[in-house]
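Before any comments, here is the structure.
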Amino acid sequence: MPLSEAALAECHELIARYPTAKCALLQILWVAQREYGSINQDVMREVAELLRIRPVEVADVVSFYFMYRKQPMGTYTISVCDTLSCALLGAFNLIDYLEGKLGIKCGQTTPDGRISLEAAECLGACSDAPVLTVDFYHQLKVTPEKIDELLARMERGEEIGQEMRPPEWWETPTGWPTTPMPDGQNPNPQPNQPTQVPK
Amino acid sequence: MVGPRLYHYLDVPGQHTLEVYERNGGYQALKKALSMDRATLVDQVKAAAIRGRGGAGFPMGNKWGTIPPGSTTIYITCNADESEPGTCSNREVLERDPHQLIESMIICAYALEHVRTCYIYIRGEYRLGAERLNQAIQDARAQGYLGDNIMGTGFNLDIWVFRGAGAYICGEETALIESIEGKRGQPRLRPPYFPTVMGITNKPTVVNNVETIINIIPVVLYGADGYKAYGTEKSPGTKLYCMSGHIKKPGVYEAPFTVTLRQLIWDFAGGMLNDRKFKTLIPGGASFQWFTEEQLDTVMGFDEVRAAGSNLGSTGIMVMDETTCVVDAALNLVHFFAHESCGKCTPCREGTRWLEQIIWRIEHGQGRAGEVDQLLDITDNMDGKCFCLLGESAIVPVRSSISLFREEWDHHVTHKNCMVQRDYRMSSTAQPH
C-alpha cells in the first residue's frame with residue numbers, strides 16, 4: 001500500500017527544504033512511521049525509491065535510531081526515564097509498578113495491543129523527575145497514583161497530551177541569591193542597569 | 001525583556017504564541033538588528049564573548065570567525081538535541097518560548113549574511129517542543145519575520161525544524177551534521193575541527209546550542225557592555241542551571257556566572273530533600289567529574305569549575321544525598337553511555353559494555369577481588385583512545401566515584417552488600433550482556 005497523496009505531497013515539501021534529497025531521510029521516515037505505524041522492509045524500499053537512494057541506506061538509518069519502530073507498537077507507548085536524576089527519585093519503582101499493573105516487561109506490548117512499555121534514557125525533564133512520556137508527551141513528578149490515573153484515561157481511550165509544569169513548582173526567584181559568597185563579597189551585586197531599554 | 005535575562009517571561013501564560021511574545025517585547029531585537037550594520041553586529045557579538053552553553057564554553061563570536069572568508073553558502077544549525085542526563089533547560093525554552101529562539105536565529109543569520117537556510121535539530125523525544133516550534137515558525141512567516149524580503153530589508157531566510165529520532169550522540173556537532181545528511185549519527189574525523197569549515201554537504205555550518213543562540217537578544221538590545229553587566233569578565237551573562245536530584249525544589253534557575261553551588265542548592269533549590277546530609281553532586285551533566293562537600297563553594301563559571309577539577313558542561317547539576325549508593329549511581333550512568341555508544345570505535349563500544357558488566361556484578365554482590373582495580377585499568381585503556389567525547393565521558397563516573405568513595409566500592413566487593421541505607425534501587429536487576 002503506497003503512501004497517500006497528501007503524505008507524498010508532504011514528503012516532497014520536506015525534500016525541498018534540504019540541499020540534497022537524502023538529507024530529508026529522517027523526516028520522511030517520520031511521515032512514513034505516522035502513516036504505517038512502524039517501518040518494515042517494504043516501507044524502507046518505498047522511502048528509498050522516493051528519495052532515489054539505495055534501500056540499504058534507509059535500513060542503515062532505521063536500525064540506528066531507536067524511535068523508528070521496527071515492530072508495530074501499542075495504541076499508547078509509555079516510556080519511563082531510568083537515568084540518574086529520575087532513578088534517584090524512584091524511577092525503577094515506577095517501572096516495577098507499571099510492569100506489575102500491565103503484566104508485561106519493558107520492551108513488550110500488552111496482548112490486547114493497547115499499551116507498549118519501555119525504559120528510556122534521559123527524557124530531558126530532570127527537574128521534574130521522575131518522568132515518563134506517553135507517546136513522547138511528558139508527564140511530570142510521576143507517582144503510582146498518577147500512573148493509575150493515566151491508565152484509567154487510556155482505558156477510556158482519551159488522548160493524553162503534555163503535562164505543563166505550574167509556575168509555583170520552581171518559583172523562579174525574584175532576586176539573585178542571598179547566601180554570602182565564600183570570600184565575603186556581596187552575593188547580590190547590583191549590575192549596571194542597562195540604560196538603553198528599547199522603546 | 002528586563003535586563004539581560006533569558007528566562008524572565010517563561011511562565012507567562014501563552015508566551016509561546018506570537019501575540020503574547022510580541023506584547024512582552026518580542027522581535028524588538030530583530031528590528032534593532034536589521035537597522036544595524038552587519039559588521040557592527042558581528043563586532044558586538046564578538047565583544048560580548050558569549051560562551052557556548054552546550055559544554056565546551058567556546059565563544060560564539062570566535063566560532064563565527066572560523067568560517068572561511070568568501071563563503072557563499074552558510075548554514076546555521078541550532079543544536080536542540082539536549083540529551084545530557086541532568087540537563088533540561090532547552091526543553092523549557094522550546095516549549096514555552098519558541099519565538100525567542102527563532103528571533104535569535106534570524107539575527108544570527110542576518111549577521112552572517114550568506115545564510116539562506118537554518119535548521120533546528122530537535123531531539124525526537126521533545127514532541128511538544130517540535131510542534132510549538134513549527135507553529136511559531138508558521139506564525140513568524142505570516143507576520144513577515146521569516147521568508148522572503150524580511151521586513152522590507154531584502155533579506156531572505158527559512159528556518160526548518162529537523163526532528164531527530166532518539167540518539168544521544170547526535171548532540172555531538174559532527175554527528176548532528178551526519179544525521180541531517182540522512183546518515184547514522186556517528187561523529188566525523190577531526191580535523192577540520194569545526195563544522196564551520198566543512199558541515200552540511202561540506203558547506204560551512206555554524207552549530208550552536210539553543211541557550212547560546214538566545215543570548216544574542218540581550219546583546220543586541222543592550223549592547224556588549226550592557227550584556228556584560230552580569231557574570232564575570234571571562235564568562236559574561238547568565239546561565240540556566242538545571243538542578244535535579246535530592247533537593248527540595250528541583251528546577252531550572254537562571255543566575256549570573258558568579259553564583260556558587262552552595263547558593264544554587266540552598267538559596268534557589270531550597271536545600272536538601274528531607275534535610276538529609278549532602279553527599280556528592282555532578283556539576284555539569286553525566287560526563288564530568290563529581291564534586292564533594294569541599295567544592296560546594298566553587299563559583300559556577302567555566303574557568304572556575306575547570307580549576308576545581310571538573311567542567312561546567314551543560315550545567316545539569318545532579319545532587320545526591322547520603323542515601324545514594326555511588327556504585328549504583330555509577331552503574332546507572334555507565335549503562336546510559338553503553339546504551340548510547342554509537343559503535344563506531346572499539347574502545348567505546350566494548351569498553352562501556354565491559355564497565356557495565358563488571359559494575360553490575362559488583363553492585364549485585366558478585367564482585368571478585370581486584371575488580372575495582374580492573375575497572376580503573378579499563379578506564380585507562382579508554383582514556384584518550386576513543387573517537388569522540390562519548391567514550392571519554394563514560395569513564396568519568398567510574399573514575400570519579402572510585403577516587404572519591406573507594407571504601408564503598410571495596411565494601412561492595414568484600415562484604416557483597418552495600419554500606420548505604422538507600423530508598424530506591426537505581427539500576428536494572430537484569431544482568432547486562
Side-chain angles (χ1 to χ4, degrees), chain A residues 17 19-20 22-27 29-30 53 57 60-61 64-68 82-85 87-93 119-129 133 135-138 162 164 167 169-173 176-179 181-182 187 189 191-196 198, chain B residues 3 7 11 25 28 32 82-83 85-86 88 91 124-128 160 162-163 165-168 179-185 200-201 221-222 226 229-230 242-246 249-252 255 259-260 262-263 266-268 286 297 316 318 320 324 329 332-333 336 339-340 424-426:
Chain A
R17 295 178 180 181
T20 67
K22 195 182 172 184
C23 290
L25 175 56
L26 270 79
Q27 307 310 298
L29 285 170
W30 277 118
I53 57 179
E57 293 176 76
D60 193 34
V61 163
F64 186 81
Y65 298 93
F66 92 92
M67 288 178 79
Y68 297 130
D82 70 357
T83 309
L84 191 58
S85 295
L88 285 169
L89 296 167
F92 280 91
N93 287 31
E121 302 304 331
C122 187
L123 291 167
C126 315
S127 295
D128 302 312
T133 59
D135 298 332
F136 293 101
Y137 286 125
H138 290 75
Q162 177 112 340
M164 299 304 279
W169 280 6
W170 294 356
E171 284 177 34
T172 315
W176 301 116
T178 47
T179 306
M181 300 280 283
N192 321 320
Q193 277 301 324
T195 44
Q196 288 183 336
Chain B
Y7 247 35
D11 282 330
Q28 293 300 324
K32 187 172 175 193
E82 175 184 61
S83 334
C88 49
R91 188 177 70 87
E125 288 89 339
Y126 289 179
R127 191 169 168 190
L128 183 74
W160 305 117
F162 186 101
R163 195 168 168 217
Y168 168 74
S179 183
I180 291 187
E181 288 187 352
K183 302 176 198 157
R184 296 166 83 91
I200 299 170
T201 60
L221 284 180
Y222 305 115
Y230 290 121
C242 314
M243 307 288 298
S244 64
H246 292 141
K249 281 194 300 180
V252 181
V259 73
T260 66
R262 199 180 290 280
Q263 291 171 333
W266 277 274
D267 281 359
F268 286 97
D297 286 316
M318 293 184 268
M320 297 176 241
T324 315
N332 184 295
L333 292 177
F336 173 83
H339 185 268
E340 296 296 340
Y424 303 113
R425 72 181 166 90
M426 296 192 288

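Residue numbering restarts at 1 for every chain, and letters A, B, ... go by the order of the sequence lines. None of these values were measured; they are calculated from a predicted model.
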inquiry  = Quick check on A/Asn93 against chain B: is it the side chain, the backbone, both or neither that has a heavy atom closer than 4.5 Å?
reply    = side chain
Under 3.5 Å donor-acceptor, A/Tyr65 side chain and B/Gly185 backbone = yes
ask   = If you tally heavy-atom pairs under 4.5 Å against chain B, which of A/Gln162, A/Gln27, A/Lys22 wins?
value = A/Gln27
ask   = Got a second to check how far A/His138's NE2 is from B/Arg127's CZ, nearest 0.5 Å?
value = 12.0 Å
query = Of all of A/Ala129, A/Ala24, A/Ala87, A/Ala120, which one pairs up most often with chain B through heavy atoms under 4.5 Å apart?
reply = A/Ala87
Residues which pass salt bridge (Lys or Arg N to Asp or Glu O under 4.0 Å) with A/Asp135, listed by chain and number, not counting sequence neighbours = none
query = Which atom names give the shortest non-hydrogen contact between A/Leu88 and B/Tyr424, and what distance separates them?
reply = O-CD1, 3.4 Å
query = Looking at B/Met243, B/Lys183, B/Glu82, which makes the most heavy-atom pairs under 4.5 Å with chain A?
reply = B/Lys183
Flag side-chain contact, heavy atom, 4.5 Å: A/Leu84 against B/Pro85 = no
query = Hey, what do you get for CZ (B/Arg163) to CZ (A/Phe136), rounding to the nearest 0.5 Å?
reply = 8.0 Å
message = Can you tell me which portion of B/Leu333 sits under 4.5 Å from chain A's heavy atoms? Options are side chain, backbone, both or neither.
response = side chain
ask   = Relative to chain B, which segment of A/Ala125 carries a heavy atom at a distance below 4.5 Å: side chain, backbone, both, or neither?
value = both
message = Which one wins on heavy-atom pair count under 4.5 Å against chain B: A/Leu25, A/Leu123, A/Val61?
response = A/Leu123
request  = Verify side-chain contact (heavy atoms from CB on, under 4.5 Å) between B/Leu128 and A/Met164, making sure each step is shown before the conclusion.
outcome  = CA-CA 10 Å; B/Leu128 183 74; A/Met164 299 304 279; 3.7 Å; yes
request  = Against chain A, label B/Met318 side chain, backbone, both or neither, depending on which of its atoms sit under 4.5 Å from a heavy atom there.
outcome  = side chain
message = Under a 4.5 Å cutoff for heavy-atom pairs, which residue among B/Ser179, B/Ala167, B/Ala286 has the most contacts with chain A?
response = B/Ser179
inquiry  = Taking salt bridge (Lys or Arg N to Asp or Glu O under 4.0 Å) as the definition, give me every residue that meets it alongside A/Asp128, ordered by chain and number, with sequence neighbours left out.
reply    = B/Arg91
note = The interface call for B/Thr201 against chain A, heavy-atom contacts under 4.5 Å, is side chain
inquiry  = How long is the straight-line distance from CH2 of A/Trp169 back to NZ of B/Lys249, given to the nearest 0.5 Å?
reply    = 14.0 Å
remark   = Distance col, row A/Leu89:CG vs B/His246:NE2, nearest 0.5 angstrom, shows 5.0 Å
inquiry  = Quick check for you: among B/Glu125, B/Arg184, B/Arg425, which has the greatest number of heavy-atom pairs under 4.5 Å with chain A?
reply    = B/Arg184
message = Taking side chain as everything from C-beta outward and backbone as N, CA, C, O, which of these in A/Thr133 sits under 4.5 Å from a heavy atom of chain B? Side chain, backbone, both or neither.
response = neither
ask   = For chain A, which of B/Cys242, B/Pro250, B/Gly316, B/Gly124 has the most heavy-atom pairs under 4.5 Å?
value = B/Pro250
query = What closest approach, in Å, do B/Ser244 and A/Ser85 show between heavy atoms, and which atom pair accounts for it?
reply = OG-OG, 2.8 Å
key: Option that, when pairs with chain B are counted at under 4.5 Å, heavy atom only, ranks first among A/Ala119, A/Gly90, A/Gly124, A/Ala91   = A/Gly124
Approximate separation, where rounding is to 0.5 Å, of B/Phe162 CZ and A/Cys23 SG = 7.5 Å
